[in-house]
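All values derive from a computational prediction rather than experimental measurement. Just so you know, these numbers use all the heavy atoms, side chains as well, and skip hydrogens, waters and symmetry mates. If you read the sequence from its start, that first residue is 1, and numbering goes on from there.
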Amino acid sequence: MSDTDDNHSDDGQQPAPQLAHDGPQTGIKGVLADYRQHQRELQQQERRRLQEQKAAAPHIAAPQAHEQTMFSKSDSESDSESDSDSDLEEILNEYRTQRMAELNMRDATPTEYVEIVDAQAATDTYITVLLVDDCAASQRLEKFIRAEVGSFLNTLFLRVPARDCGFTDPHVIPIILVYQHGELKHNLVRVVGQFSDSHDFGQHDVAQLLGRVLS
C-alpha cells in the first residue's frame, strides 16, 4: 500500500540488521545514590555519637526537638534540596530522551537497511527509512523526526542518503518508507508535500504524520 505515488518502487528492498541496543548509562544516578548513602552513614555516626555521650554523661541533656545539629535541615535547606531534586529529574528526563533517540535512530547504508528490514520481518517492529539529501526540506524533516523518535518505541528509524539509493531528483526527496513484517506499508514520496506548507511545516505536523503511518 502507498500513501502517495509509488514513483520509485523498492524492488526487493526489505530491511533489517539487528542493532546493538546498549543500555542507558547511569552515571548521574550512581553519583546521586553514592551521595545519599554517604549522608546516611554520616547521620548514623552522629546518632551513635550522641547515644554514647548520653550513656557516658546522663546529666548532659540530649538536643531538644527544636534544636538543630550539624546534620539537621532547616526549612530553607529542605526547599533547596527539593529544587535540586527537580533539576536533577529534568536532567535525567532530557538524558533519557537523548538516549532513546540514539538507540532508535541510526545512519545506514542501502545494504544495511535491506538487511535490517529482513531481520525484523518476524517481529511487529516498524522500520521507518528516511531518505534525505542536503536540501532545506530534508534537514527540517530530519530534525523534527529526531525529536519524535522517543514517542515511537516500537519503531526503528534509519537515515539513508537518498543519492545512495539512486534518488537525486529534488522533486521526490525527502522520502519516508515504512516497513512492517518485511512488507512496504507506506511509500511517502516528497513527503513534505503532505503538509499544508511544504517549506514551513512544524514538529506538530511531523508528529501527526508519524502517528498516522506508525499505527
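- Taking the side chain as every heavy atom from C-beta outward, Phe144 and Asp205 never approach each other to under 4.5 Å.
- By the 4.5 Å heavy-atom criterion applied to side chains, Phe157 and Ile127 are not counted as neighbours.
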Practice problem: Quick one: do Leu141 and Val206 satisfy side-chain contact (heavy atoms from CB on, under 4.5 Å)? Show the steps, please. | Solution: CA-CA 7 Å; Leu141 179 65; Val206 174; 3.9 Å; yes
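- Of the possible polar contacts, none joining the Glu148 side chain to the Ile145 backbone as a donor-acceptor pair under 3.5 Å is found.
- Remark: the His199 side chain and the Asp197 side chain contain no N/O donor-acceptor pair separated by less than 3.5 Å.
- If you take CG on Leu210 and CZ on Phe152, they are separated by 4.5 Å, rounding to the nearest 0.5 Å.
- To the nearest 0.5 Å, atoms CG (Leu130) and CE (Met105) are separated by 5.0 Å.
- Under a 3.5 Å cut-off, the side chain of Arg159 and the backbone N or O of Arg106 do not form any donor-acceptor pair.
- Here the shortest heavy-atom pairing between Gly150 and Leu153 reads O-CD2, 3.3 Å.
- Looking at heavy atoms from C-beta onward, Leu188 lies in side-chain contact with Val213 at the 4.5 angstrom threshold.
- Results of the side-chain hydrogen bond (donor to acceptor under 3.5 Å, both in side chains) test with Glu142 over Arg146, Arg140, Gln139 single out Arg146 as the only residue that passes.
- Side-chain contact between Leu131 and Pro174: absent, with no pair of heavy atoms (C-beta onward) separated by less than 4.5 Å.
- Salt-bridge formation is not detected for the pair Arg48/Glu46: no Lys NZ or Arg NE/NH1/NH2 atom is positioned less than 4.0 Å from an Asp or Glu carboxylate oxygen.
- At least one side-chain heavy atom of Phe195 sits less than 4.5 Å from a side-chain heavy atom of Leu209.
- Side-chain contact check for His181 versus Asp124: some heavy-atom pair is nearer than 4.5 Å.
- When the shell of 6.0 Å around CZ of Arg163 is examined, it contains 12 or fewer heavy atoms from other residues, nucleotides or ligands.
- Residue Arg190 comes nearest to Pro170 through the heavy atom pair NH1-O, 3.6 Å, listed as atom of the first residue, atom of the second, then distance.
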Self-check item: Candidate pair Leu184 and Leu177, rule side-chain contact (heavy atoms from CB on, under 4.5 Å), full reasoning
Solution: CA-CA 7 Å; Leu184 179 64; Leu177 306 175; 4.0 Å; yes
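- Of the possible polar contacts, none joining the Ser138 side chain to the Val132 backbone as a donor-acceptor pair under 3.5 Å is found.
- By the 4.5 Å heavy-atom criterion applied to side chains, Leu214 and Val178 are counted as neighbours.
- A side-chain N or O of Arg212 and one of Gln194 form a donor-acceptor pair less than 3.5 Å apart.
- Here the shortest heavy-atom pairing between Pro110 and Asp164 reads CG-O, 3.5 Å.
- The two residues Leu156 and Thr125 have their closest heavy-atom pair at N-CG2, 4.1 Å.
- The side-chain heavy atoms of Ile175 and Phe167, taken from C-beta on, include a pair separated by under 4.5 Å.
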